[in-house]
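What follows is a single structure, written as structure tokens, with notes after it.
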Amino acid sequence: MKRTLTPEEIEQRACAYCAQAEHCEQEIREKLWQWGCSDTAEQQKIIDLLLQEDYINDERYCRAYCHDKVAYQGWGRVKIRMMLQSKRLPGHFVEKALQDISAADYKKALAKAVGKYSAEERERTIRFALQRGFEYNEILEFLSSDHSSPLESEP
């Protein structure tokens, strides 16, 4: 049987959890629930402490999330926006973080998504890039640029 944690132990765990990596308020609420803190007043007290001590910062979380998803998972803006919205983050932080994405990293992620399949499999390539969260216009523009195969440029 699991031991019930005291509010102080939960608070310490939450601080340690936030010190390891960036987390948003929604993720912390889910963790608190898992640790047995079902009292919403107690959850709010812990979250207020984490906010006050700057363990949780929604703007910083959005920037880190956008950077990591583009650089390491190769996601596009559409998918990132959708995932951040599902975490109930303020829209202005989400949009600012999406605008701050490095153009070079974004282009590299798009190139990797488009390069997954051969040039002959254009529809499959487009579908894959759309699943990764890139906009249709971005994909077509990239495919029609100098990155496309010589076969596609022939009339």
d(L110 CG, F142 CZ) to nearest 0.5 Å is 5.0 Å
Which heavy atom of W35 sits nearest a heavy atom of I10, and at what distance?
-> O-CD1, 3.9 Å
Measure across A109 and V70 and return the closest heavy-atom pair with its distance rounded to 0.1 Å.
-> CB-O, 3.7 Å
Charged N-O contact under 4.0 Å between E25 and K87 = no
hydrophobic_cluster_shared for I28 and Y65, side chain cutoff 4.5 Å | no
Do other residues, nucleotides or ligands put more than 12 heavy atoms under 6.0 Å from the OH atom of Y117?
-> yes
Taking E95 for its side chain and H92 for its backbone only, find out whether a donor-acceptor pair lies under 3.5 Å.
-> no
Check I46 against P7 and note the closest heavy-atom contact, atom names and distance.
-> CD1-O, 4.5 Å
Using the six-membered ring wherever Trp is involved, compare the ring planes of Y72 and H67 and label them parallel, tilted or perpendicular (cut-offs 30° and 60°).
-> perpendicular
Residue pair Q34 / K31, side-chain donor-acceptor N/O under 3.5 Å | yes
Stepwise, does the side chain to side chain contact (heavy atoms under 4.5 Å, CB included) test hold for I126 with L143?
-> CA-CA 9 Å; I126 292 170; L143 287 173; 3.8 Å; yes
CD (Q52) and CD1 (I47) are apart, to the nearest 0.5 Å, by 14.0 Å
Distance-only polar pair, side chains of R29 and Q44, donor-acceptor under 3.5 Å | yes
Should M82 and L89 be counted in the same cluster of Ile, Leu, Val, Met, Phe, Trp and Tyr side chains packed under 4.5 Å apart?
-> no
For the rings on Y106 and F134, is their centre-to-centre separation under 6.0 Å?
-> yes
Distance from L84 atom CG to L98 atom CG, nearest 0.5 Å?
-> 6.5 Å
If only atom types and distance count, is the side chain of Q43 paired as donor or acceptor with the main-chain N or O of C37 below 3.5 Å?
-> yes
How long is the gap from CD1 on I56 to CG on L50, to the nearest 0.5 Å?
-> 4.5 Å
Between S38 and W33, which heavy-atom pair has the shortest distance, and what is it?
-> CB-CZ3, 3.2 Å
How far apart are the closest heavy atoms of C15 and L49, and which atoms are they?
-> SG-CD2, 4.5 Å
Rounded to the nearest 0.5 angstrom, the NE2-SG distance for H23 and C18 is 6.0 Å
How many angstroms lie between NZ in K79 and CG in L130, if you round to the nearest 0.5 Å?
-> 11.5 Å
Got a sec, which residues hit salt bridge (charged side-chain N to carboxylate O under 4.0 Å, His left out) with E22, two or more places apart in sequence or on another chain?
-> R60
Indicate, with yes or no, if Y17 and Y55 share a hydrophobic cluster defined by side-chain heavy-atom contacts under 4.5 Å among Ile, Leu, Val, Met, Phe, Trp and Tyr.
-> yes
Is there a chain of hydrophobic side chains (I, L, V, M, F, W, Y, each step under 4.5 Å between heavy atoms) that links F93 to M83?
-> no
CD (E141) with more than 12 external heavy atoms under 6.0 Å = no
